[in-house]
**Q** 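One structure is given below, represented as structure tokens, and several questions about it will come after.
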2 protein chains.
Amino acid sequence: MHHDADIRVAIIEDDVTIREGYAYLIGNTDGYKIAGTYASCEDALRKIAHDDPDVLLLDVELPGISGIEALPKLKKAVPDTHILILTVYEEEMLIFRALGNGAEGYLTKNTPPDKIVAAIHEVMDGGGPMSANIARMVISSFKRNDSSPLTRRETEILEQISTGKSRKRIADELYIDLETVKSHIKNIYHKLDVHSKADAIKAARENKFI
Amino acid sequence: MHHDADIRVAIIEDDVTIREGYAYLIGNTDGYKIAGTYASCEDALRKIAHDDPDVLLLDVELPGISGIEALPKLKKAVPDTHILILTVYEEEMLIFRALGNGAEGYLTKNTPPDKIVAAIHEVMDGGGPMSANIARMVISSFKRNDSSPLTRRETEILEQISTGKSRKRIADELYIDLETVKSHIKNIYHKLDVHSKADAIKAARENKFI
DNA sequence: AAAATTATCCCCTTTATTGAGGTATTTTAT
DNA sequence: ATAAAATACCTCAATAAAGGGGATAATTTT
């Protein structure tokens with residue numbers, strides 16, 4: 001029932017029932033075959049290079065090395081494998097760390113089987129499958145706060161500061177006087193109630209003013 | 001055929017054929033009704049508050065004020081309306097600006113009609129609908145470069161620098177000597193071939209080292 | 001176990017930047 | 001018209017930055 005063009009899928013998941021459930025589901029779908037299943041990242045790291053999957057379904061909450069910690073090592077072992085996170089966790093921190101470490105998709109475990117299979121296909125096809133709520137969180141992370149107390153110019157200058165530029169350089173690049181930049185910074189500090197560059201950047205980033 | 005619980009959809013699109021095509025499609029789908037269609041953002045800004053749509057489909061390439069420029073104003077006019085970008089453009093800059101300005105989804109115009117209707121429903125439901133390639137770009141934007149020349153510690157220190165902290169403060173927070181921080185910075189500058197904080201941050205961000 | 005990398009600490013110098021206290025004019029929106 | 005925003009100027013002391021020269025301990029990797 002499987003041939004050379006089948007998409008090779010591997011699974012790292014500690015719960016044997018879930019793991020075998022996915023394996024059964026995917027293995028019995030036309031066009032897909034199971035390249036390997038592993039109960040831990042340690043186990044996976046030993047065998048995965050040999051199994052050479054096209055797509056890896058990865059649980060993040062695992063005993064021993066967590067899925068996220070293992071991500072860079074897995075990427076190194078099988079650089080061309082597309083990694084899909086499949087987890088119950090929906091914390092922002094975990095999501096962004098996973099994506100930052102090379103995951104190319106993020107699904108929650110309530111995803112119905114047919115969507116999981118579709119996601120495997122999508123990630124092979126250059127897409128970035130995400131569960132709806134994950135996608136919304138990811139999109140939200142880009143969104144500026146539209147009730148910032150900073151004026152446009154102040155925002156612009158704080159952005160420049162956050163790139164590490166000196167006030168002199170900012171003045172030169174915006175074609176304004178150094179004293180003007182200093183005035184703006186003074187006003188920014190007052191508005192954000194801070195007394196240093198670092199605190200201003202922190203406050204502004206936390207509140208998505210920049 | 002429509003009742004009070006229908007999802008009210010508005011469209012801003014300059015091409016009359018496309019605009020009426022969408023309107024026809026959505027208006028004839030059960031559970032949806034057209035709250036308004038506009039050929040320009042100027043027109044929309046005049047009427048949209050009265051039309052009060054639940055979801056707004058927005059083209060980005062428009063004559064006059066572009067869709068992206070109008071986004072903050074539209075958000076202000078109808079704060080509770082979910083805005084979905086529907087465009088042929090797939091440039092990173094545009095995507096991130098749109099999401100940063102309050103768009104809650106981003107679809108390309110090759111999206112089949114049933115997917116557009118599904119996306120309208122998804123965004124109402126708290127999701128963040130994106131075309132597959134857009135989702136991949138968004139995910140890629142989080143991904144670190146796994147072949148950074150910087151060591152873990154150097155990366156950590158450069159991250160701290162990018163938050164605006166002084167070397168002294170970084171030293172204190174990492175429980176290492178100021179001189180150690182300075183040495184790391186020296187090495188970072190050499191590796192990135194730069195001679196200032198701003199250039200180091202710029203180089204590191206461009207290459208996704210931080 | 002050797003080699004390479006990484007992390008740590010110390011000295012020196014000079015210039016540039018920062019933050020805080022003011023005041024005041026011009027430009028841009030509403 | 002009248003706010004709000006952007007612009008510019010002043011002084012001051014304290015700190016940070018950048019560049020150079022070293023050395024050694026602690027890890028990893030091979």
Side-chain angles (χ1 to χ4, degrees), chain A residues 45 65 69 72-73 76-77 146-204 209-210, chain B residues 42 45-46 49 65 69-70 72-73 76-77 146-204 209-210:
Chain A
L45 286 166
I65 306 172
E69 289 171 67
K73 289 170 189 168
K76 206 171 168 187
D146 46 351
S147 58
S148 168
L150 303 180
T151 68
R152 193 174 300 170
R153 198 55 149 181
E154 286 165 353
T155 303
E156 188 179 12
I157 283 174
L158 191 48
E159 268 168 359
Q160 296 291 312
I161 288 175
S162 78
T163 70
K165 286 176 188 163
S166 72
R167 297 160 176 210
K168 173 85 182 67
R169 186 164 165 191
I170 294 169
D172 289 347
E173 292 182 5
L174 295 183
Y175 303 106
I176 56 180
D177 198 275
L178 171 59
E179 292 301 329
T180 307
V181 174
K182 287 171 74 176
S183 288
H184 284 305
I185 290 173
K186 231 180 301 186
N187 294 333
I188 291 167
Y189 285 10
H190 283 146
K191 286 184 182 179
L192 301 185
D193 189 29
V194 295
H195 306 277
S196 73
K197 198 175 21 170
D199 290 341
I201 292 172
K202 183 159 174 267
F209 297 152
I210 57 169
Chain B
E42 291 86 340
L45 285 166
R46 272 190 298 273
I65 306 173
E69 288 171 68
K73 289 170 189 168
K76 206 171 168 187
D146 48 351
S147 58
S148 169
L150 304 181
T151 69
R152 193 175 302 170
R153 195 58 147 180
E154 286 164 353
T155 303
E156 189 180 10
I157 284 174
L158 190 48
E159 268 168 0
Q160 296 292 311
I161 288 175
S162 79
T163 70
K165 286 176 189 163
S166 72
R167 297 160 176 214
K168 174 84 183 70
R169 184 165 167 191
I170 295 169
D172 289 347
E173 291 181 5
L174 295 183
Y175 302 106
I176 55 179
D177 198 274
L178 171 60
E179 291 301 328
T180 307
V181 175
K182 286 173 69 179
S183 286
H184 283 305
I185 291 173
K186 222 184 304 184
N187 294 331
I188 291 167
Y189 284 12
H190 282 146
K191 286 184 181 176
L192 301 184
D193 191 27
V194 297
H195 306 277
S196 73
K197 197 174 24 168
D199 290 342
I201 292 172
K202 182 159 175 266
F209 297 153
I210 58 170

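The model shown is predicted, which means the values in this text are computed figures rather than measured ones.
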**Q** Go nucleotide by nucleotide along DNA chain C from the 5' end; which of B:Lys182 and B:Leu150 gets its closest nucleotide reached first?
**A** B:Leu150

**Q** Quick one: pull up CG in B:Leu158 and NZ in B:Lys191 and give me the separation to the nearest 0.5 Å.
**A**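 If I round to the nearest 0.5 Å, the distance is 11.5 Å.
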
**Q** Roughly how far, to the nearest 0.5 Å, is the NE2 atom of B:His190 from the CD atom of B:Glu154?
**A** 11.5 Å

**Q** Step by step, would you call B:Asp172 with B:Lys165 a salt bridge (charged side-chain N to carboxylate O under 4.0 Å, His left out)?
**A** CA-CA 11 Å; B:Asp172 289 347; B:Lys165 286 176 189 163; over 6 Å; no

**Q** Just to confirm, is there a sub-4.0 Å distance from OP1 or OP2 of D:dA8 to any side-chain nitrogen or oxygen of A:Thr180?
**A** yes

**Q** For the residue pair A:Phe209 and A:Ala203, what are the closest heavy atoms and their distance?
**A**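 It is CD1-O, 4.5 Å.
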
**Q** With the side chain counted from C-beta on, respond yes when B:Leu150 and B:Leu192 share a heavy-atom pair under 4.5 Å apart, and no when they do not.
**A** yes

**Q** Within the sub-3.5 Å range, which N or O atoms of nucleotides 28-30 of chain D have a protein N or O partner, and how far apart are they?
**A**
none

**Q** Return the OG1 to CD1 distance between A:Thr180 and A:Ile157, rounded to the nearest 0.5 Å.
**A** 8.0 Å

**Q** Closest approach of A:Ile65 and A:Glu69, non-hydrogen atoms and distance?
**A** CG2-CB, 3.7 Å

**Q** Could you check whether B:Lys197 gets within reach of a base, just the sugar-phosphate, or nothing at all, counting any heavy atom under 4.0 Å?
**A**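 Sugar-phosphate, no base atom in range.
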
**Q** Could you state the CD1-C1' distance from A:Ile188 to C:dA20, rounded to the nearest angstrom?
**A** 15 Å

**Q** For DNA chain D, determine which residues of residues 156-179 of chain A have any heavy atom closer than 4.0 angstrom to one of its atoms, and list them numerically.
**A** A:Ile176, A:Asp177, A:Glu179

**Q** 5'-most contact on DNA chain C: B:His184 or A:Val194, nearest heavy atom basis?
**A** B:His184

**Q** Between B:Ala77 and B:Ala49, what is the shortest heavy-atom contact and its length?
**A** O-CB, 4.2 Å

**Q** Would you check if B:Tyr189 and B:Lys197 make a side-chain contact, meaning some heavy-atom pair closer than 4.5 Å?
**A**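 B:Tyr189 vs B:Lys197: side chains touch.
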
**Q** Say you draw a straight line from CD of B:Glu179 to NE2 of B:His184; how long is it, rounded to the nearest 0.5 Å?
**A**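 Result: 12.0 Å between the selected atoms.
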
**Q** Respond yes when some side-chain nitrogen or oxygen of B:Tyr189 is under 4.0 Å from OP1 or OP2 of D:dA18, and no when none is.
**A** yes

**Q** Pick base, sugar-phosphate or nothing for A:Lys186, based on heavy-atom distances below 4.0 Å to the nucleic acid.
**A**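 Here A:Lys186 touches the bases of the nucleic acid.
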
**Q** For B:His195, which contact category applies under a 4.0 Å heavy-atom criterion: base, sugar-phosphate, or nothing?
**A**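 Sugar-phosphate, no base atom in range.
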
**Q** Roughly how many Å is it from CG in A:Asn187 to C1' in C:dG19, rounded to a whole number?
**A** 13 Å

**Q** Please test A:Leu174 against A:Arg153 for side-chain contact (heavy atoms from CB on, under 4.5 Å), starting from the C-alpha separation and ending with a verdict.
**A** CA-CA 10 Å; A:Leu174 295 183; A:Arg153 198 55 149 181; 4.1 Å; yes

**Q** Give each protein N/O atom lying under 3.5 Å from an N/O atom of nucleotides 24-30 of chain C, with the pair distance.
**A**
none

